[in-house]
*Asks:* 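Please see the structure below; I have some questions.
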Protein chains: 2
Amino acid sequence: MRWKKISDAVVRRLPLYLRVLDDLAHKEKVKLISSQELGELAGVSPALVRKDLAWFGEFGKQGVGYELEYLRHELRRILNLDVNHRVALIGVGSLGGALTRYNIRRYRENPDFNLHIVALFDSDAELIGSEVEDVQIQPLDVLEQTVEDMGIEMAIITVPASDAQTVAQRLVNAGVKAILNFAPITLHVPDDVQVASADLTLELQRLAYYLVEE
Amino acid sequence: MRWKKISDAVVRRLPLYLRVLDDLAHKEKVKLISSQELGELAGVSPALVRKDLAWFGEFGKQGVGYELEYLRHELRRILNLDVNHRVALIGVGSLGGALTRYNIRRYRENPDFNLHIVALFDSDAELIGSEVEDVQIQPLDVLEQTVEDMGIEMAIITVPASDAQTVAQRLVNAGVKAILNFAPITLHVPDDVQVASADLTLELQRLAYYLVEE
DNA sequence: TAGATTGTTAATCGATTAACAATC
DNA sequence: TAGATTGTTAATCGATTAACAATC
């Protein structure tokens, strides 16, 4: 079952709902949750929660609410998080290394996380051959081959801005369909490739706007 | 000069425009830029570029375009990036450390960057007293005092989810007005405090939505 | 002047909210 | 049954685009 044209605004909120449900599943013995409660915890209006979910089916019961585990399961399915996805990370500097450690540890604790960094690349000869959380850092030469051999679908770019577009191009050529980009540059990719920008400087600068001196 | 109620959608694009102008200022000898060009490089329509800028004044010349250095200067002023801002980072794990190194190196290269991590905090006794890029890691006990003494306005939270809300509360009490939050939890803060969420898992999960197996 | 591009208004588009019938 | 909450439609709100007069 696939859905035609769900707006990006809707898709952005789904992982947020899932995060709330995951937290509740761990902490409390809650079995049911209303759009009211879910909305409060996610910072979204109850009407919007219902409307977002309704795009994908009828998951609740009138007068009752949503069965927590069922909704959680459905959200994971909708987000394709019910199957495992292999991820490559390019640029194993301190940020890239930190993200790798975080991801792999999380995956080890809970393999159902289903997003797994399985390959690391860097152009620095000093780094090649060394390991982060048991994953060897490889030279960029073998990028395409490795992506294809391992069935890698997503990539995280943590290289300098000057290299980011070239790396993105090579990833796209190798068949990667989703990129999380930390480099401070707008990547140009075909329409069927999704890019999420994670330029943290942009976020800090945006926050500075609200720092009005009294 | 302050502006009343500029929408968040507009504010989000300003750092993006600034990034484009900064890049051009370094690379080329471009003196003028049209809304067409700026829009192309920022991934925004020309009409929207003009409308966004017009909220803050008249920065261009009809038939000519925008003078690059002037617009850059004005954007920095609008974003409060013409004055220096001190930033605290709480949770010096591998992600926090990476962000600190990146920020401080960038600031050293170019102090006009004006966003500067000047204080680090952690609860781990092992870390306290050690340094990252010449900034000592302090115990959380002195958080409030240090924020006040140093005139810290912004904070970056890179602690575990379980500690994030408490840390946020303490930061708010100490007078911090903007928080960049990497913990996977929705922070509850007063209306006059701005929070930007940087939960990278949320971004990866969102990207997974688009990975439809053929 | 002629050509180009801004600043701005009106039109369109899309997203959110309000409201309520359906129903558990 | 009575009370509660979903799913959905209509109303509202806000953001983007189109268009063009102003003007450099």
*Asks:* Return the nearest nucleotide to the side chain of A/E58; candidates are D/dA15, D/dG7, C/dT5.
*Replies:*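 Side chain of A/E58 sits closest to D/dG7.
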
*Asks:* Can you name the closest pair of heavy atoms from B/A198 and A/L200 and give their distance?
*Replies:* CB-CD2, 4.4 Å

*Asks:* Could you give the CG-to-C1' distance, from A/L71 to D/dG7, as a whole number of Å?
*Replies:* 14 Å

*Asks:* Any sub-3.5 Å donor-acceptor pair from B/N80's side-chain atoms to A/A208's backbone N or O?
*Replies:*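 Here the side-chain-to-backbone pair exists.
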
*Asks:* Rounded to whole angstroms, how far apart are CD on B/Q62 and C1' on D/dT23?
*Replies:* 5 Å

*Asks:* Using only side-chain N and O atoms of A/S45, determine if any of them is under 4.0 Å from OP1 or OP2 of C/dT16.
*Replies:*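 Answer is no, no contact under 4.0 Å.
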
*Asks:* Only stems of 3 or more consecutive Watson-Crick or G-U pairs count here, both distances under 3.5 Å; name the ones for DNA chain C, or none.
*Replies:*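 C:3-24 with D:3-24 - these are the stems of 3 or more pairs that involve DNA chain C.
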
*Asks:* Within the pair A/R13 and C/dT16, is there a side-chain N or O less than 4.0 Å away from OP1 or OP2?
*Replies:*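 So the side chain of A/R13 is within the cut-off, an N or O lying under 4.0 Å from OP1 or OP2 of C/dT16.
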
*Asks:* Test salt bridge (charged side-chain N to carboxylate O under 4.0 Å, His left out) on B/K31 and B/E67 and set out the steps.
*Replies:* CA-CA 6 Å; B/K31 284 259 166 291; B/E67 207 270 295; 5.8 Å; no

*Asks:* Round to a whole Å and report the spacing from OH of A/Y70 to P of D/dT6.
*Replies:*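 Atom-to-atom, A/Y70 to D/dT6, this comes out as 15 Å.
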
*Asks:* Using a cut-off of less than 4.0 Å, is there contact between a side-chain N or O of B/S35 and OP1 or OP2 of C/dT6?
*Replies:* yes

*Asks:* For B/R170 versus B/L140, what's the shortest heavy-atom pair and its separation?
*Replies:*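 Here B/R170 and B/L140 meet closest at NH2-O, 2.7 Å.
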
*Asks:* Does the pair B/R105/B/E133 count as a salt bridge with the N-to-O cut at 4.0 Å?
*Replies:*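 Looking at B/E133 together with B/R105, the answer is yes, because their closest N to O distance falls below 4.0 Å.
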
*Asks:* Quick one: which of D/dA10, D/dT6, C/dT6 gets closest to the side chain of A/K51?
*Replies:*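 Of D/dA10, D/dT6, C/dT6, D/dA10 is nearest to the side chain of A/K51.
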
*Asks:* Less than 4.0 angstrom between a side-chain N/O of A/R50 and OP1 or OP2 of D/dG7, yes or no?
*Replies:* no

*Asks:* Report the residue (B/F59 or A/D8) whose heavy-atom-nearest nucleotide on DNA chain C is the more 5′ of the two.
*Replies:* B/F59

*Asks:* Can you tell me which nucleotide in C/dT9, C/dT17, D/dT6 comes closest to the side chain of A/A47?
*Replies:*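 Of all the options, the side chain of A/A47 is nearest to C/dT17.
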
*Asks:* Give the nucleotide from the list D/dT6, C/dT5, C/dC24 with an atom nearest to the side chain of B/S34.
*Replies:* C/dT5

*Asks:* Which heavy atom of B/A25 sits nearest a heavy atom of B/E69, and at what distance?
*Replies:*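 Nearest heavy atoms, B/A25 then B/E69: CB-OE2, 3.6 Å.
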
*Asks:* OP1, OP2 of C/dA4 versus side-chain N and O of B/Y66: anything below 4.0 Å?
*Replies:*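 For B/Y66, the contact criterion (side-chain N or O under 4.0 Å from OP1 or OP2 of C/dA4) is not met.
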
*Asks:* What heavy-atom pair brings A/A196 and B/R206 nearest, and what distance separates the two atoms?
*Replies:* CB-NH2, 3.4 Å

